[in-house]
Structures are given as structure tokens and as C-alpha cells.
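Data first, discussion second: the structure below is written as C-alpha cells.
Just so you know, residue 1 is the first one in the sequence shown, and it goes up from there.
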Amino acid sequence: MNPANRPPLTLALSKGRIFDETMPLLAAAQVHVTENPESSRKLILPTSDPGLRLIIVRASDVPTYVQYGAADFGIAGKDVLFEHAAQHPGGLYQPIDLNIAKCRLCVAVREGFDYAAAVRQGSRLRVATKYVQAAREHFAAKGVYVDLIKLYGSMELAPLVGLADAIVDLVSSGNTLRANHLVAVEDIVPISSRLIVNQASLKTRSAQLQPLIDAFARASQA
């Protein structure tokens, strides 16, 4: 329910798996979304609750919209939040791990590449990734020297054409790796999606936000 003269709360989501797996959580809070962003051109979606709307943004932009108050809260993967925090430390409240969109951040190499020997011999590895901060910290902790190459997509191509010795990327089923003759050789961290909240909104709109936060928490533990 939306108090009089108050704008609706804004929830930032990305298309795809996170959107799909968020819908049951919203349903548990008695909120339904009538349009699918995959088939709709709209970037602002109404819901069955006049006090809540959704905005559809790129996954990597969700934390930015929430931190700067364009969205009151959002849902983003731990991978995205890790990279965002490196540039904007302490800017977001993360009350709940929603246990959705689960995968893992891994090191992968082409089949036949002896990763263990390369690491043992102190070789300087070229590593392609979108997750530069996570990769930098992982290899630094292992004492492995790396040259990081930032890519935004088609990560699996890099070892196949000699751009990189390894990649750091998200892996779910592993089918994409196998299809491109790559193999995961090291897990860095398990990934799931989290609820993130704008700190100012939490203070000024807690009466509206807290029931939704509580509903998400119950649904994620069911």
C-alpha cells in the first residue's frame, strides 16, 4: 500500500536469470509483475502494488542506481557487488543473501594447458576477465603474477586465440566451458544474488521498505 503523496518504491533488477528468480520472491510478498522485460520495451514496469515499481537496468549498473538513490533497493549478484565495492566502498546496505542465481566464480583454461605447473613454476599468466578486482585479489593471495586483460564478453574465446592463458568467469553448469574446450581449474568464490538497499531510503521510507525486506527474507529461506 502506498501512503498518500509518496512516490512508489523503486526496485532495480536486471533481465534474465535474476529477474526470473526474483518473481517468486515478489509473489511471496503478494506483488505481481504483469509485463516481461524480455518481450516489453519498457524500462519501468508497474506492479500489482501501486507502491512499488521496477526499473530494468544492466546487471553491473544495479548497485549504482541503488547507491545514488535512483532506486530504493535492488538485487545484484555477489560478483557485481564485489567489483562495485572496490570503487565505491561502504555505499550499500546488503541485508539478505537471497540464495538465487547461484553459480561460482572460477579460473578456467583451455584443455591441455597445465595450469598447476604454470603456477608452480612462477610463470607470469595472462588472465582475461570482467571481474578484475576479484581476479587481482585471488592471484595476489596465491602469490601468482598475472597480467589482467579486461573483457566484457565472449570470455571463453580469449584462451582459444592466444589472448590469455586463463580466464576468470562465472560458471554455472559448465556447458559453455566444455563447448569451447575449456576446463575449470580453480574455484574462487561461490556466487548468489543479494538484496541491496539505499541507506537513505532505509531511514526515510522504512515503513514501506521493511515489510518487503522481511518478505524477501522469509521467501529466500523457504
Can you confirm whether [X] sits close enough to [Y] that some side-chain heavy atom of one is under 4.5 Å from a side-chain heavy atom of the other?
X    : Y    : result
I55  : L43  : no
D169 : Y131 : yes
I44  : R53  : yes
L25  : L98  : yes
S48  : T34  : no
L92  : V197 : no
T47  : L26  : no
V132 : R136 : yes

Please check: side-chain N/O of [X] versus main-chain N/O of [Y], any donor-acceptor pairing under 3.5 Å?
X    : Y    : result
R110 : V161 : no
E21  : A101 : yes
S220 : F216 : yes
N198 : S201 : yes

So which heavy atom on [X] is nearest to which on [Y], and how close?
X    : Y    : value
S193 : D97  : O-OD1, 3.4 Å
P37  : L45  : CD-CD1, 4.1 Å
R17  : S172 : NH1-OG, 3.7 Å
F113 : A118 : CZ-CB, 4.1 Å
V168 : M155 : O-CG, 4.5 Å
V171 : C103 : O-CB, 3.2 Å

From [X] [atom1] over to [Y] [atom2], what is the distance, rounded to the nearest 0.5 angstrom?
X    : Y    : atom1 : atom2 : value
I96  : Q221 : CD1   : CD    : 8.0 Å
L125 : Y145 : CG    : OH    : 12.5 Å
K78  : Q94  : NZ    : CD    : 9.5 Å
E38  : I56  : CD    : CD1   : 9.0 Å
R104 : L170 : CZ    : CG    : 10.5 Å
Q210 : L202 : CD    : CG    : 6.5 Å

**Study point:** Pair L81-R194, side-chain contact (heavy atoms from CB on, under 4.5 Å): steps then yes or no
**Key:** CA-CA 9 Å; L81 294 173; R194 295 168 181 261; 4.0 Å; yes
Exercise for review: Could you go through the side-chain contact (heavy atoms from CB on, under 4.5 Å) check for L11 and L13 one step at a time?
Suggested key: CA-CA 6 Å; L11 172 64; L13 288 177; 4.2 Å; yes
Practice item. Let me see the working for I167 and V107 under side-chain contact (heavy atoms from CB on, under 4.5 Å), right down to the final yes or no. Key: CA-CA 6 Å; I167 63 172; V107 181; over 6 Å; no
Applying a strict under-4.5 Å side-chain criterion to I, L, V, M, F, W and Y, I'd like to know whether [X] and [Y] cluster together.
X    : Y    : answer
I18  : V62  : no
Y115 : V189 : yes
V57  : F19  : no
L157 : L148 : no
Y93  : I75  : yes

Point to revise | H181 atom NE2, neighbour heavy-atom count above 12 within 6.0 Å | key: no
Review point. Do E186 and H138 have side-chain atoms, one donor and one acceptor, less than 3.5 Å apart?
Key: yes
Review point. Any luck finding a side-chain donor-acceptor pair between N175 and S173 under 3.5 Å?
Key: yes
Check your understanding: Salt bridge between D72 and R205, side-chain N to carboxylate O under 4.0 Å?
Key -> yes
Practice item. Mind running salt bridge (charged side-chain N to carboxylate O under 4.0 Å, His left out) on D147 and R124 for me, showing each step along the way? Key: CA-CA 7 Å; D147 293 318; R124 191 178 190 97; 2.9 Å; yes
Review point. What's the verdict on side-chain hydrogen bond (donor to acceptor under 3.5 Å, both in side chains) for N99 and S192, showing C-alpha distance, side-chain angles and the deciding distance?
Key: CA-CA 6 Å; N99 294 309; S192 57; 4.9 Å; no
**Study point:** Test log, rule side-chain contact (heavy atoms from CB on, under 4.5 Å), inputs L54 and V33
**Key:** CA-CA 9 Å; L54 273 56; V33 182; 3.8 Å; yes
Check your understanding: Checking side-chain hydrogen bond (donor to acceptor under 3.5 Å, both in side chains) for the pair Q67/H84: CA distance, chi angles, key distance, verdict?
Key -> CA-CA 10 Å; Q67 181 163 345; H84 179 83; 2.6 Å; yes
